[in-house]
Amino acid sequence: MTATDTRPADFIRAIVAEDQATGKWGGQVVTRFPPEPNGFLHIGHAKSICLNFGIAAELGGRCHLRFDDTNPSKEEHAYVEAIRRDVAWLGFDWGAHEYFASDYFEQLYAWAVTLIQAGKAYVCDLAPDEIRAHRGTLTEPGRDSPYRARGVDENLDLFARMRAGAFADGTRVLRARIDMASPNLNLRDPVLYRILRATHHRTGDAWCVYPLYDYAHPLSDSIEGITHSICTLEFEDHRPLYDWLLDALGIHHPQQIEFARLNLSHTVMSKRKLLKLVAEGHVRGWDDPRMPTLAGMRRRGYTPAAIRDFCDAIGVAKRDNTIEMARLEHAVRTDLNAVAPRALAVLRPLRVVIENYPAGQVEWLDGANNPEDPAAGTRRIPFGRELYIERDDFMLDPPPKYFRLAPGREVRLRFGYFVTCVGVETDPATGEVTTVRCTFDPATRGGSAPDGRKVKGTLHWVSAAHAVPAEVRLYGHLFAVADPEADAGDFLDLLDPHGLEILADCRVEPSLAAARPGDRFQFERLGYFCVDADSAADRLVFDQTVGLRDSWAKTQAGSGGV
RNA sequence: UGGGGGAUAGUCUAACGGUAGGACAGCUGACUCUGGAUCAGUAGGUCGGGGUUCGAAUCCCUGUCCCCCAGCCA
């Protein structure tokens, strides 16, 4: 064990480890994941979840799931349930530590009164645009609100009446009295409470004043005894306010630490944009397999382990970053390769007739369920005179280095026999090959030749008489460009038109007939697929999770195609 | 150019004054009943300029570039 092995994996873990060593928090580690229930969780949230729950787990601490529900106009209970489901699916358990900022409204209100009494907060009657005008700009200081000098008693009375519903929405706010000339705009008397008549998903109409994030967040952290409040970079400017409030109140003061959020190529992470895609029907929903949401990734067949491994692998730092999608795909391939049962499935069927194979004869051949895992056992696959192979696996006039079937060429049918192409039938109108005629070598049953001869290619196939029809949905990237956020135009114009391709006439081996939604398979030579929620007993539907690495396709791309 | 952050291979990420390392992507090759998997090899980097030092990605000075902040969103 070297020093490198014991060094914390990232700068946040280093801080927490240091705090543990010095006993700063009495040996305690309490983190929290604080989503706002106004949308579904995405892979960016997964980074934060893995960080917060991971640190707590590593150090014997705990991580709270706290819904930051301070804005009733945007939040819904349905999102709460979706978030719970996604965090649990990812593999994390918050136990009894589920909280809502809205549970703290009474305490938060009481602390606001405390601030007023201490002369550190005041009720401001300025309209929203006036507040903005008084705030100044990045380079000019703000101006004091004319209400800044209001007396404690008047503030107390006004704030009580705000709560009581005496004033219209937007007519008054409670503000912290800090410094209108601060170079940090967050300190120019930030708004703490606004009047908002909206039904809250949990407190209903009990309140008409709601705290803002900057006020509710540090106090919620404090109430819960959080030690390390880990958030993303854009809140760095808010830390002085976070600290100011906790100091002003003299209560438990967690340490806020910021890290760079995850960006993934070929997709967007903005909740606003994801919501727009869903609301306007550009995708089928929050769980559309093209979406970077955990629900979408789950539906597509990503495993929790793959996502966790991905989050561990990308690291945590402060510099802006965009992870290549290939990194995520690598994580899911690695996981699925080890655990996904194999199956034979033909996406674009091409009929094959084996001339010297007896009509009506059926043989049940043994196929390994997972070459990576002998314990996975074998299954029986029917073989007959008439089969389907992949259209891509046959060419009348193949280019060099093409190892598949072509006139006169011999290949192996996976787990089956060597077959040689002896002719084709074509559609006289289009010239398209409709049937490939072959002969088989009976001595090669199971896939190897007693005379030791080799074949360059092995094809997947299904028995025409036994194959089960299926729909397969192929997915590309959500966006056609690596960084859809970079373009100044409408991001919708950047959606990849090839992001979804539906193949309605596929054929899969009969053992797949029993597959249930959520089941994952590797279709040999093609990729990983997951049974979609739309699947029914009489209509199998598969989603492509990710393709297998394909060096032939790479060769093709490199040579500019055939 | 007010404040706050950040710059290490194509993309991420380590190195805490002492050989710039790892991963993904790329390329070569080996092996293979998945052109999969696996294995081996290979190429590629410290934002620029000064300085301190025996020695600098790391410390100092200076310049440049990138990100965030002017919601009664979070």
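A, B, ... follow the sequence lines: proteins, then strands. Residue 1 opens every chain.
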*Looking at every strand, decide which applies to Thr137(A) at a 4.0 Å heavy-atom threshold: base, sugar-phosphate, or nothing.*
base
*For nucleotides U52(B) and C12(B), find the distance between their C1' atoms and express it as a whole number of Å.*
33 Å
_Carboxylate-amine/guanidinium contact Asp441(A) Arg453(A), below 4.0 Å_ = yes
*Classify the glycosidic conformation of G71(B) as syn or anti, calling it syn when the angle lies within 90° of 0.*
syn
_N or O in side chain of Ser551(A) less than 4.0 angstrom from G36(B) OP1/OP2_ = yes
*asked:* Heavy atoms from C-beta onward define the side chain here; which of G35(B), G4(B), U34(B) lies closest to that of Glu236(A)?
replied: G4(B)
_Side-chain N or O of Arg135(A) versus OP1/OP2 of C72(B): is the shortest distance under 4.0 Å?_
yes
_With a 4.0 Å cut-off on N to O distance, would you call Arg132(A) and Asp129(A) a salt bridge?_
no
Close N/O contacts between protein and nucleotides 41-46 of chain B (under 3.5 Å):
none

_Applying a 4.0 Å non-hydrogen cut-off, can you work out what Phe523(A) is touching in the nucleic acid: base, sugar-phosphate, or nothing?_
nothing
*Using a cut-off of strictly less than 4.0 Å, decide whether Thr70(A) has a side-chain nitrogen or oxygen near OP1 or OP2 of A74(B).*
yes
*Which listed nucleotide (G36(B), C27(B), A74(B)) is nearest to the side chain of Asn337(A)?*
G36(B)
_Could you write out RNA chain B as dot-bracket? Rules: Watson-Crick or G-U wobble, both distances under 3.5 Å, brackets [ ] for crossings, | for pairs with another strand, dot for unpaired._
.((((((..((((....[..)))).(((((.......)))))....(((((..]....))))))))))).....
*If you take atom types as modelled and just measure distance, does the side chain of Glu372(A) reach the base of U38(B) with a donor-acceptor pair under 3.5 Å?*
no
*Residue Leu138(A), side-chain heavy atoms: nucleotide from G35(B), U34(B), G2(B) that is nearest*: G2(B)
*Base, sugar-phosphate, or nothing for Ala127(A), non-hydrogen atoms under 4.0 angstrom?*
base
*Could you give the distance separating G22(B) and A15(B) at their C1' atoms, to the nearest angstrom?*
11 Å
*asked:* Can you confirm whether or not the ring centre of Phe310(A) sits under 6.0 Å from the ring centre of Tyr302(A)?
replied: no
*Remember a base hit wins even if backbone is also touched, and classify Arg404(A) as base, sugar-phosphate or nothing at under 4.0 Å, heavy atoms.*
base
*Who are the ring-ring contact (aromatic ring centres under 6.0 Å, His included) partners of His477(A), not counting sequence neighbours?*
His266(A)
*Carboxylate-amine/guanidinium proximity below 4.0 Å for Arg404(A) and Glu390(A)*: no
_Rounded distance in Å between the C1' positions of C27(B) and U19(B)_ = 26 Å
*asked:* Applying a 4.0 Å non-hydrogen cut-off, can you work out what Arg342(A) is touching in the nucleic acid: base, sugar-phosphate, or nothing?
replied: base
_Under 4.0 Å between a side-chain nitrogen and a carboxylate oxygen: does that hold for Asp366(A) and Arg380(A)?_
yes
*Phosphate OP1/OP2 of U8(B): any Arg319(A) side-chain N/O under 4.0 Å*: yes
*Distance between the C1' atoms of U42(B) and U1(B), in whole angstroms?*
45 Å
*Go through A25(B), G35(B), G36(B) for me and flag the one nearest to the Leu548(A) side chain.*
G36(B)
*Please walk me through it: do Leu512(A) and Phe542(A) pass side chain to side chain contact (heavy atoms under 4.5 Å, CB included)?*
CA-CA 11 Å; Leu512(A) 255 24; Phe542(A) 292 90; 4.0 Å; yes
*Establish, with yes or no, whether the OP1 or OP2 oxygen of G71(B) is under 4.0 angstrom from a side-chain nitrogen or oxygen of Arg132(A).*
yes
*Per-nucleotide protein contact string for nucleotides 63-68 of chain B, where B marks a base within reach and S marks sugar-phosphate only (heavy atoms under 4.0 Å, - for neither)*: ----SB
*Within the pair Arg7(A) and A14(B), is there a side-chain N or O less than 4.0 Å away from OP1 or OP2?*
no
_For a quick check of understanding: with a heavy-atom distance under 4.0 Å over all strands, which category does Tyr210(A) fall into, base, sugar-phosphate or nothing?_
nothing
N/O to N/O distances under 3.5 Å, protein versus nucleotides 21-23 of chain B:
none

*Do the ring centers of Tyr242(A) and His238(A) come within less than 6.0 Å of each other?*
no
*Using the C1' atoms only, state how far C69(B) lies from U28(B), rounded to an integer number of Å.*
50 Å
*asked:* Base, sugar-phosphate or nothing for Lys456(A)? Non-hydrogen atoms, less than 4.0 Å.
replied: nothing
*Could you give the distance separating A9(B) and G51(B) at their P atoms, to the nearest angstrom?*
25 Å
_Tyr210(A) and ring-ring contact (aromatic ring centres under 6.0 Å, His included): which single residue from Tyr193(A), Phe105(A), Tyr215(A) fits?_
Phe105(A)
*Does the cation-pi check pass for Arg414(A) over Trp461(A), that is, NZ or CZ under 6.0 Å from the six-membered ring centre and within 45° of its axis?*
no
_Under 4.0 Å, counting only non-hydrogen atoms across every strand here, what does Glu324(A) touch: a base, just sugar-phosphate, or nothing?_
base
*Rounded C1' spacing from G41(B) to G49(B) in Å*: 39 Å
*Across the strands shown, which category fits Val455(A) at heavy-atom distances under 4.0 angstrom: base, sugar-phosphate, nothing?*
nothing
*Base, sugar-phosphate, or nothing for Thr322(A), non-hydrogen atoms under 4.0 angstrom?*
sugar-phosphate
*Hey, can you pull the residues of residues 183-196 of chain A with a non-hydrogen atom under 4.0 angstrom from RNA chain B?*
Pro183(A), Leu185(A), Val191(A), Arg194(A)
_Please classify the nucleic acid contact of His238(A) as base, sugar-phosphate, or nothing, using heavy-atom distances under 4.0 Å._
base
*asked:* Could you check whether Asp392(A) pairs with Arg525(A) (Lys NZ or Arg NE/NH1/NH2 to Asp/Glu carboxylate O, under 4.0 Å)?
replied: no
_No-H, no-angle donor-acceptor pair, Glu140(A) side chain to G2(B) base, under 3.5 Å_ = no
*Base, sugar-phosphate, or nothing for Leu365(A), non-hydrogen atoms under 4.0 angstrom?*
nothing
_Side-chain N,O (Arg549(A)) to OP1/OP2 (G26(B)) below 4.0 Å_ = yes
_So if I take every side-chain heavy atom of Pro371(A) and compare against G36(B), A25(B), U8(B), which nucleotide ends up nearest?_
G36(B)
